[in-house]
**Q** 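Here it is, the structure in full.
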Protein chains: 2
Amino acid sequence: MENKRELFQVLTRRFGLLNKNCCSIGAVDISSVQSHILYEIDKQTSPSMQQVAESIAMDITTFSRQIQTLIKMELVKKTPSSADKRVYILSLTVQGKFVATTIDESMNAYLEEVFSHMNEFERETVIRSIKLLNQAMSKSSVCCTPLL
Amino acid sequence: MENKRELFQVLTRRFGLLNKNCCSIGAVDISSVQSHILYEIDKQTSPSMQQVAESIAMDITTFSRQIQTLIKMELVKKTPSSADKRVYILSLTVQGKFVATTIDESMNAYLEEVFSHMNEFERETVIRSIKLLNQAMSKSSVCCTPLL
DNA sequence: ATATATTACTTGCAAAATGCAATTAACTAG
DNA sequence: CTAGTTAATTGCATTTTGCAAGTAATATAT
């Protein structure tokens, strides 16, 4: 029986580091958190502030301020919802979309490079395993219930 | 070809969240970063400040201050090295060891719970996959070179 | 319909975390 | 012995964080 935590600790630390490193696109300097926010806005369809904040398990007040920053950077747009005047719909600006896409591409490029150190069989096994893990985690009751 | 980044994004976010949640042991309140520090000190043998800071890819000045905090909390001890008087050897106090062990146990308990949603074959496949991934990442040239 | 409670989001702090530049002390090399 | 490194600390100044409190809009109850 190996120490599972050790395996995960190393894996996630590496991935977190990657997230940190690859977030400077030209003149635009993006923090790791901001990259996560851009990612989620891009992924969801017309999300409200709450929705995005919740999906990355971030305090709403901190989130609100991060959004203000991203708006100043002209990466994010906040549109008042017509259905409910309390809520704001978040979306990426053209530049924001560009930044998000660029980050996504370099992340995937990195991952491709990582996977290039494996053979085809290993590649498929690993991908399937990560999916399995994600499924198992979402079934779990212990943690992460507010997440995703 | 699926989006690999998506899979990893979800996985690591969940794991990061877990790290955040499970870091309050009784009266002691530990931040996620501090938990990483305790983990590394526990894992390495008589490490210096530099060594630990580097292994978690943390700025040495921030690290220095975190260590000061952890010493005030009586979780970490700093012993001057006899070989080189510039360096300090880090170690856990009894209480620090206890906290580190408790965190480790609850992380592993959580992971056991996650793995309980799989059958034996899946479990082994997933574990092997994570190992493969870690190996591949350490071989990679793109990122994470300072790490581990 | 109108008073009450909820909800979505924003601000006011005050604490914590971060990182660059500069400093101190100790070691190493010429 | 002097000059150059290295390990670690401190001085800022900025950024991030999160609780408490506030505002405005919607939902619920009487």
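Reckoned from all heavy atoms, side chains included, excluding hydrogens, waters and symmetry mates.
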**Q** Could you check how far NZ of K78(B) sits from P of dA7(D), rounded to whole Å?
**A** 15 Å
**Q** So does N108(A) get a backbone contact from the side chain of R5(B), meaning a donor-acceptor N/O pair under 3.5 Å?
**A** no
**Q** I41(A) and side-chain contact (heavy atoms from CB on, under 4.5 Å): which partner among L92(A), I89(A), L70(A), L75(A)?
**A** L92(A)
**Q** When the distance from CD1 of I60(B) to C1' of dA17(C) is rounded to whole Å, what number comes out?
**A**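 Spelled out: CD1 on I60(B) to C1' on dA17(C) is 15 Å.
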**Q** Should we say atom CD of Q44(B) is surrounded by more than 12 heavy atoms from elsewhere, each under 6.0 Å from it?
**A**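 Atom CD in Q44(B) is crowded, with more than 12 foreign heavy atoms closer than 6.0 Å.
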**Q** Among residues 79-93 of chain B, which contact DNA chain D at a heavy-atom distance under 4.0 Å?
**A** R86(B), V87(B), Y88(B)
**Q** Does F63(B), at its CZ atom, have more than 12 non-hydrogen atoms belonging to other residues, nucleotides or ligands within less than 6.0 Å?
**A** yes
**Q** Could you state the CE-P distance from M58(A) to dG18(D), rounded to the nearest angstrom?
**A** 7 Å
**Q** Among I60(B), T61(B), T62(B), whose side-chain contact (heavy atoms from CB on, under 4.5 Å) with M58(B) holds?
**A** T62(B)
**Q** Return the nearest nucleotide to the side chain of D59(A); candidates are dA8(D), dC19(D), dC9(C).
**A**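 Between dA8(D), dC19(D), dC9(C), the one nearest the side chain of D59(A) would be dC19(D).
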**Q** Of the residues in residues 61-73 of chain A, which ones touch DNA chain C at a heavy-atom distance under 4.0 Å?
**A**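 Those residues are T61(A), S64(A), R65(A), Q68(A).
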**Q** Taking side chain as C-beta onward, heavy atoms only, is I30(B) less than 4.5 Å from M73(B)?
**A**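 Yes, side chains in contact.
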**Q** Provide, to the nearest angstrom, the distance between the CD atom belonging to E54(A) and the C1' atom belonging to dA8(C).
**A** 12 Å
**Q** How are the rings of F8(A) and F115(B) set relative to one another: parallel (under 30°), tilted (30 to 60°) or perpendicular (over 60°)?
**A**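 Perpendicular, since the angle between the ring planes exceeds 60°.
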**Q** Just how far, in rounded Å, is C1' of dA16(C) from CG of D29(B)?
**A**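 After rounding, the gap between these two atoms is 13 Å.
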**Q** Using a 4.5 Å cut-off on heavy atoms from C-beta on, say whether the side chain of M49(B) contacts that of V87(B).
**A**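 When only atoms from C-beta onward are counted, M49(B) and V87(B) do not touch, as no gap falls below 4.5 Å.
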**Q** Take the protein atom CD of Q51(A) and the nucleotide atom P of dA8(C), then report the distance between them rounded to whole Å.
**A** 9 Å
**Q** Just how far, in rounded Å, is P of dA8(D) from CE of M49(B)?
**A** 6 Å
**Q** Identify, with sequence neighbours excluded, every residue that meets salt bridge (charged side-chain N to carboxylate O under 4.0 Å, His left out) alongside K78(B).
**A**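 None.
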**Q** To the side chain of S31(A), which of dT10(C), dT16(D), dC20(C) is closest?
**A** dT16(D)
